[in-house]
Protein chains: 2
Amino acid sequence: MTPSAPRLFSQAVEDYVKAIYKIQGEEETVSTTHLARYMNKTPAAVTKMIKQLAEHRLITHASYRGVRLTPAGEKVALEVIRHHRLLELYLHQALGYGWDEVDAEAEQLEHHISEEFEERIDRMLNYPLTDPHGDPIPTRDGAIAPRRGLPLLEAETGTALVILRVRDRDPEALRYLKRLGMELDVRIVVVEKMPFNGPIILRIGEETHSVGRELAGHVFVEPMAEETA
Amino acid sequence: MTPSAPRLFSQAVEDYVKAIYKIQGEEETVSTTHLARYMNKTPAAVTKMIKQLAEHRLITHASYRGVRLTPAGEKVALEVIRHHRLLELYLHQALGYGWDEVDAEAEQLEHHISEEFEERIDRMLNYPLTDPHGDPIPTRDGAIAPRRGLPLLEAETGTALVILRVRDRDPEALRYLKRLGMELDVRIVVVEKMPFNGPIILRIGEETHSVGRELAGHVFVEPMAEETA
DNA sequence: CTATAATTTTAACCATACTCAAAATTTTTT
DNA sequence: AAAAAATTTTGAGTATGGTTAAAATTATAG
């Protein structure tokens with residue numbers, strides 16, 4: 001039997017810390033309810049876990065005041081996210097998973113691969129920078145590039161855009177986007193945004209598509225200019 | 001989010017069932033103490049788990065009388081073992097793990113890969129029959145070939161032998177065996193078994209080695225004739 | 001600025017999976 | 001066949017991670 005260092009934190013702890021990290025991206029401090037909704041748990045369960053996380057010094061917490069990750073907590077979150085995104089890319093590249101399938105499988109495996117495994121797939125993938133949805137992969141020592149792209153909804157109409165990133169959590173949406181030809185690095189133009197929160201008219205190659213605001217919210221782009229002429 | 005069927009049984013249940021399967025290979029009925037020793041748990045913990053397994057109808061159990069797997073239990077064990085051995089081979093072939101490293105990593109992952117993952121690596125490995133230690137890989141529907149080879153200790157001296165299988169649980173032993181050139185499919189001859197439980201003298205290619213009985217117990221062989229002329 | 005609503009925490013409870021110590025049962029020895 | 005030894009089970013207790021219902025606190029509206 002190999003010693004093979006046991007994980008420092010339980011899967012539950014890792015999941016909570018990762019969730020807090022994600023929510024923190026949008027809000028200053030993370031509320032119990034928000035976390036509970038995100039994790040599909042009751043607020044009571046979250047309060048308990050918050051105590052445990054605070055004891056482990058992974059978060060700071062003042063009663064009734066929400067939580068924030070400590071640097072230590074952020075490091076744990078980024079390690080889990082690194083595992084997740086490396087796995088997503090590996091499943092896609094090496095095992096032929098579709099981009100709509102990788103998230104669910106990585107979600108399980110991220111807690112159970114060794115540092116050795118991480119190292120090996122990282123090398124095999126030639127030290128990649130982004131996962132199959134365009135999200136940046138944190139480095140081994142916890143550095144992470146900012147997310148690229150601005151929401152498609154906010155892009156100027158008439159400009160040539162490149163798809164840099166898509167939300168990874170909704171396989172249905174991912175399958176539909178793929179059917180429309182909306183994959184990473186594809187060039188698109190916003191032709192028109194229909195009023196009263198109507199659909200967005202897009203030109204993708206030769207085709208024109210009309211997509212709702214909700215779906216558009218899953219897509220992040222950048223004006224072409226920056227990349228190439 | 002993908003539905004992704006949650007595991008039917010906990011990791012603990014899977015581990016116990018697998019252990020019972022392995023011990024059953026040697027003994028008719030599996031005793032509490034034997035299981036406890038194998039699992040590194042107290043007998044009290046084992047008794048409790050036995051109740052749970054019996055409730056799930058994975059074992060039959062009469063108090064103070066040891067346990068046996070039901071057909072359902074055997075199926076669960078073989079599914080876990082299938083995951084384990086496919087993973088071992090995959091880690092070895094696709095990710096370059098040494099044969100001394102695969103067991104520990106597979107031990108963790110076997111409980112957390114999906115049927116999809118199993119299916120994909122099975123296909124990628126071209127539906128292999130044995131793992132990197134020569135153990136048979138159960139089929140998807142729970143059939144398993146008998147273990148091949150007889151213990152090196154019981155092999156006739158002077159006959160040409162092939163190594164068909166080695167015990168997988170001791171990485172140290174595996175590393176040492178590899179250093180001696182004792183890998184799968186390698187041809188060896190038992191030159192002499194020294195008396196008073198002394199070492200075994202082996203000829204491997206041009207070299208002669210002396211190995212203790214304990215190590216020899218890890219190696220399983222077959223007379224050459226059967227395979228080729 | 002108080003009343004109501006929303007949020008958060010506490011309390012009591014459940015399940016899993018483990019521990020140690022004591023009791024029950026089986027096996028072995030004499 | 002009784003005494004001693006070994007094995008197995010039970011009982012009481014721990015830790016994690018969840019639940020519901022009630023109490024406490026904070027936020028919001030009139």
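For clarity, every value in this text was computed on a predicted model and none was experimentally measured. Below, chain A is the first sequence line, B the second, and so on; all start at residue 1.
Between the P atom of dA6(C) and the NE2 atom of H34(A) lies a distance of 18 Å, rounded to the nearest Å. Atom CG of L35(B) and atom C1' of dT9(D) are 15 Å apart (whole Å). Rounded to an integer number of Å, the gap from CG of N40(A) to P of dG18(D) is 11 Å. The separation between R7(A) atom CZ and dT16(D) atom P is 14 Å, rounded to whole Å. The CG-C1' distance, from L53(A) to dT9(C), rounds to 16 Å in whole Å. Taking atom NE2 of residue H111(A) and atom P of nucleotide dT16(D), one finds them 18 Å apart after rounding to whole Å. Counting to the nearest Å, the C1' atom of dG17(D) and the NE2 atom of H56(A) are 12 Å from each other.
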### Check against salt bridge (charged side-chain N to carboxylate O under 4.0 Å, His left out), R7(A) and E79(A)
CA-CA 12 Å; R7(A) 273 208 316 296; E79(A) 273 169 29; over 6 Å; no
### Task
Apply side chain to side chain donor-acceptor pair (under 3.5 Å) to Q11(A) and H112(A), showing your working.
CA-CA 9 Å; Q11(A) 169 160 356; H112(A) 306 288; 3.3 Å; yes
### Task
Output, in order, the C-alpha distance, side-chain angles, deciding distance and verdict of side chain to side chain donor-acceptor pair (under 3.5 Å) for E14(A) and H111(A).
CA-CA 8 Å; E14(A) 288 185 356; H111(A) 307 290; 2.6 Å; yes
#### Entry: Full working for side chain to side chain donor-acceptor pair (under 3.5 Å) between H133(A) and D103(A)
CA-CA 10 Å; H133(A) 314 102; D103(A) 184 70; over 6 Å; no
### Task
Go through the steps for E110(A) and H84(A) under the test side chain to side chain donor-acceptor pair (under 3.5 Å), then give the verdict.
CA-CA 5 Å; E110(A) 64 189 12; H84(A) 184 89; 2.7 Å; yes
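Contacts between residues 42-52 of chain A and DNA chain C, defined by a heavy-atom separation under 4.0 Å, are made by P43(A), A44(A), T47(A), K48(A), K51(A). Within a heavy-atom distance below 4.0 Å of DNA chain D, the residues of residues 11-29 of chain A found are A12(A), Y16(A).
Among the candidates L69(B), I81(B), I59(B), the single residue satisfying the side-chain contact (heavy atoms from CB on, under 4.5 Å) test with V17(B) is L69(B).
In terms of heavy-atom proximity, E118(B) sits nearest to H83(B) at OE1-NE2, 2.7 Å.
A salt bridge is absent between R148(B) and D135(B); no separation between the charged side-chain nitrogens and carboxylate oxygens falls under 4.0 Å.
A cation-pi arrangement is present between R120(A) and Y97(B), with the terminal nitrogen or guanidinium carbon under 6.0 Å from the aromatic centre and inside a 45° cone about the axis.
Applying the 4.0 Å criterion to OP1 and OP2 of dT7(D), one finds that T32(B) has every side-chain N and O outside that range. At dT9(D), one or more side-chain N or O atoms of H61(B) fall inside 4.0 Å of OP1 or OP2 (strictly under the cut-off).
When the nearest nucleotides of DNA chain D are assigned to R65(A) and S10(A) by heavy-atom distance, the more 5′-ward of the two goes with S10(A).
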